[in-house]
Q: 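Questions regarding the structure given below will be posed in turn.
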Amino acid sequence: MRNPEFERYLWQEISLHRLAIMPLWLFACAFIMAAIGADIDFTLLFLFALLTGLWGAGMVSDAMNEEILNHTWDWQRMSPISAWQLMWGKLFGSTIYAWYGGVWCLLLFVFTGNSADFSVIQMLLIAVLLALFIHLLVFLLSLVMVLKQDVLSRQRWGLPLLASLLLLSSLSIFSEYDDGIVWFGNVYEQTWFYIVSLVFFIAWLLIGAHLLMRKALQFQNSPLVWGSFLICLWLYLLGHLMNEGLVGILFSTYASTAAFVYLLLLSEYKGKAYFIQLQHLYEQKNYSTLWRQAPRWFISTLLAFIIIVFSSFYVLLLDNNEENRQIISVFISLLIFLLRDIGIVLWINFSGYYKRPDVAVVLYWVFLYWLLPLGFREGTDTNVLVLLFWPAPDTSLFLSILIPLAEVVLVYYFLSHSYVKHVLRYYQS
Amino acid sequence: MSVLAVKQLSFDYPGHRALDKVSFELEKGSITALIGPNGAGKTTLLRCLAALMTPFAGTIHLGDLDVLAHPRLAHKKMGYLSDFFGLYDKLSAADCLRYIAKAHGLEHIEQRIQTTAEQVGISPYLNQGSTQLSRGQRQRLAIAQAIIHQPEFLLLDEPASGLDPEARANLADLFKSLQAQGMTLLVSSHILNELDAYADNMLILRQGWILEHKRIKHSAEQQQQKQQRLQLELTNADPVPQALIDYLHSQANVSQIEIEGAMLRFDFDGDKTGQQALLKQLMLADFPICALAAIETDLQNLYLQTIQGQNDA
């Protein structure tokens with residue numbers, strides 16, 4: 001099927017002159033590196049990473065930014081072009097010239113590569129998948145920014161660098177397992193496991209980017225896809241954590257879900273009108289639309305709640321001893337802290353006191369989780385006050401739950417007042 | 001028959017209500033001038049109607065289609081030109097149109113490009129890069145992009161801004177020709193004289209709510225109408241002769257007399273022949289008259305009258 005968005009990029013990016021100049025430039029680079037005695041394989045892979053990975057990621061980042069900044073986004077939103085067409089048209093169209101250069105690098109690599117210590121096919125696969133992963137991640141993040149109605153600037157390297165850092169950190173994790181990776185008790189060869197993992201995350205990034213593009217084009221998405229992603233992520237992590245013990249598994253599952261709650265709290269749109277819309281839908285008993293429009297951080301919190309309830313019962317059923325009761329108290333207090341933080345984020349957004357509410361939220365978290373507990377730990381002998389900020393496994397079940405619960409009550413008291421004062425009254429006036 | 005029905009539309013920016021329970025209907029085949037001061041909510045209203053922004057309350061129906069529930073279906077039936085529109089700078093004018101036509105899934109694209117380009121008068125520039133076009137040509141290209149799929153309903157936000165007088169006149173002709181093809185237009189502009197040339201309805205927006213929505217008449221229609229407001233200019237206003245006022249009061253077809261300096265304004269119920277007879281009587285009576293003219297109720301006057309009336313209220 002023909003894709004008008006992809007065709008537009010072909011018209012814009014490809015010309016005979018550009019097609020000719022790229023291989024000439026690459027041959028010249030390879031020749032110079034060979035002349036000075038550099039490793040030609042490494043040079044070609046480095047050029048691929050530079051051209052397709054980093055430069056391509058910059059192009060993908062621009063694909064959305066430029067539509068907004070050049071006021072052409074409205075034309076695309078006013079056309080009946082599908083979200084899928086627009087997504088892959090932008091993803092591969094905007095990077096077509098970077099891929100063209102990358103293909104030349106990989107072809108030269110295949111013809112010149114004679115290193116015996118790695119498989120050429122594996123290397124090619126990893127190179128292509130890494131580039132695709134980084135492009136998709138950058139594209140997804142730029143869509144998140146568009147949907148959040150954040151002010152975009154003509155910067156093109158912020159998102160690619162962030163995505164590269166994430167990717168490098170994932171590479172460093174895998175590089176620690178030279179003897180193979182144990183997943184659900186089976187040992188897998190490190191490189192192939194890495195390739196399959198990349199394919200797994202690329203598939204989810206594609207689904208995510210498609211859903212975000214649908215949202216940008218005013219389609220409604222089912223939150224079930226988000227829930228499915230979290231469950232798949234749990235399963236993926238679970239495979240790695242089989243030897244960590246039940247508590248470790250449950251904690252990691254909860255931590256990964258909670259991490260997404262915090263990320264989504266910062267990245268999703270939290271305008272007052274949006275919450276009024278949700279309230280209207282609830283009052284009209286339009287639960288199906290309410291469900292589709294529910295914020296994804298809410299869905300994630302529901303899942304985190306289910307994990308905590310399940311974990312608590314399971315641990316208690318396993319053995320109702322003092323140590324397990326303390327573990328449960330930590331689980332429950334973690335959930336309570338999460339609820340408190342959600343309350344703080346919403347309160348800051350509704351109050352209207354802050355120009356950049358998300359920056360204020362991060363500052364609050366730095367104070368609550370780092371500076372204040374540090375100060376109290378230094379200034380007092382007791383760690384009871386620290387319970388205001390961190391779950392403590394070595395204190396009583398009663399205190400470790402009651403203290404953060406009191407905070408939640410206080411935060412939600414202010415939140416409800418703020419909602420009535422700044423949101424409800426305003427919209428009823 | 002109404003083509004667009006808007007009910008109780010409300011939209012908010014953080015801390016500011018841009019549209020407040022806006023309701024109106026537009027007749028099929030009409031050209032409506034959307035006017036109002038800066039910050040009145042004109043652009044927000046147009047973007048909501050184009051389903052580019054989602055209001056927090058209200059409904060928009062284009063015919064039977066719920067625009068807010070099915071924005072992508074609505075986009076097939078409407079065109080929108082933003083006040084800050086952009087064009088793809090690396091493409092030629094023809095490629096810009098080709099891309100939009102393909103995005104709309106149109107058939108016989110080359111023929112459609114030619115027809116639309118001729119319609120807006122950019123045929124000679126189709127092979128030029130969009131950056132090489134003048135301001136007026138870029139504006140026409142953007143309008144061509146908005147109408148290439150032959151929408152039923154066209155929304156235009158400040159389409160004449162930055163255009164020279166000749167280009168504005170051409171634009172008025174274009175809008176009239178689109179209307180003649182059955183298209184319904186909603187045009188926002190600050191240049192009221194220009195709107196007067198083609199608009200047959202007026203929608204005044206102020207601080208997010210509709211101040212006035214009424215049909216306005218063109219000069220040709222005004223000439224045909226029986227009742228008109230006339231203005232008598234006197235050579236000497238100090239004082240306005242009482243005999244003249246009494247005379248006018250005695251005329252059955254004269255009402256609503258108003259005196260302002262050397263001007264006497266009144267409603268006259270009669271055609272051109274009636275006006276000539278009145279003037280002849282006044283001259284024979286030797287009143288100090290130097291001119292008699294019909295007061296044009298153009299868009300600017302109507303707008304100012306409405307705003308003034310609202311301020312007085």
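The chains referred to below are lettered A, B, ... by the order of the sequence lines, with proteins before strands, and numbering in each begins at 1.
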Q: Need one label for A:E67: side chain, backbone, both or neither, based on atoms under 4.5 Å from any heavy atom in chain B.
A: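 The side chain, not the backbone.
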Q: Pick from B:Y99, B:F85, B:Y88: which one makes a side-chain contact (heavy atoms from CB on, under 4.5 Å) with A:T72?
A: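 Testing A:T72 for a side-chain contact (heavy atoms from CB on, under 4.5 Å) against B:Y99, B:F85, B:Y88 leaves exactly one candidate, B:Y88.
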Q: So, does A:W75 use its side chain to make a donor-acceptor pair with the main chain of B:Q145 at under 3.5 Å?
A: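 Not at all, since once roles are kept as given, no pair shorter than 3.5 Å links the two residues.
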Q: Please look at A:E13 and chain B and tell me whether the side chain, the backbone, both or neither of the residue comes under 4.5 angstrom of a heavy atom of that chain.
A: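 For A:E13, the contact with chain B is made by the side chain alone.
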Q: Looking at B:D95 and A:R8, is any side-chain nitrogen of the basic one under 4.0 Å from a carboxylate oxygen of the acidic one?
A: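 A salt bridge is absent here (no side-chain N lies under 4.0 Å from a carboxylate O).
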Q: Between B:H75 and A:R77 (side chain of the first, backbone of the second, donor and acceptor by atom type, cut-off under 3.5 Å), is there such a pair?
A: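 Yes: the side chain of B:H75 pairs with the backbone of A:R77.
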Q: Which heavy atom of A:Q218 sits nearest to which heavy atom of B:L52, and what is that distance?
A: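 Distance-wise, the nearest heavy atoms are NE2-C, 3.9 Å.
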Q: Short question: side chain of A:Q277, backbone of B:P55 - any donor-acceptor pair under 3.5 Å?
A: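 Answer holds: yes.
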Q: Can you find a heavy atom in the side chain of A:H71 that is under 4.5 Å from one in the side chain of B:S82?
A: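 With C-beta onward as the side chain, the pair stays apart.
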Q: If I measure from the heavy atoms of chain A, does B:I100 come under 4.5 Å with its side chain, its backbone, both, or neither?
A: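 Contact with chain A: side chain only.
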Q: Taking the six-membered ring of A:F219 (Phe, Tyr or Trp), confirm whether the NZ or CZ of B:R72 is under 6.0 Å from its centre and within 45° of its axis.
A: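 No - B:R72 does not lie over the ring of A:F219 by the 6.0 Å and 45° rule.
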Q: Check whether any side-chain heavy atom of B:F84 lies under 4.5 Å from a side-chain heavy atom of A:N70, and answer yes or no.
A: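 Contact flag for B:F84/A:N70 side chains = no.
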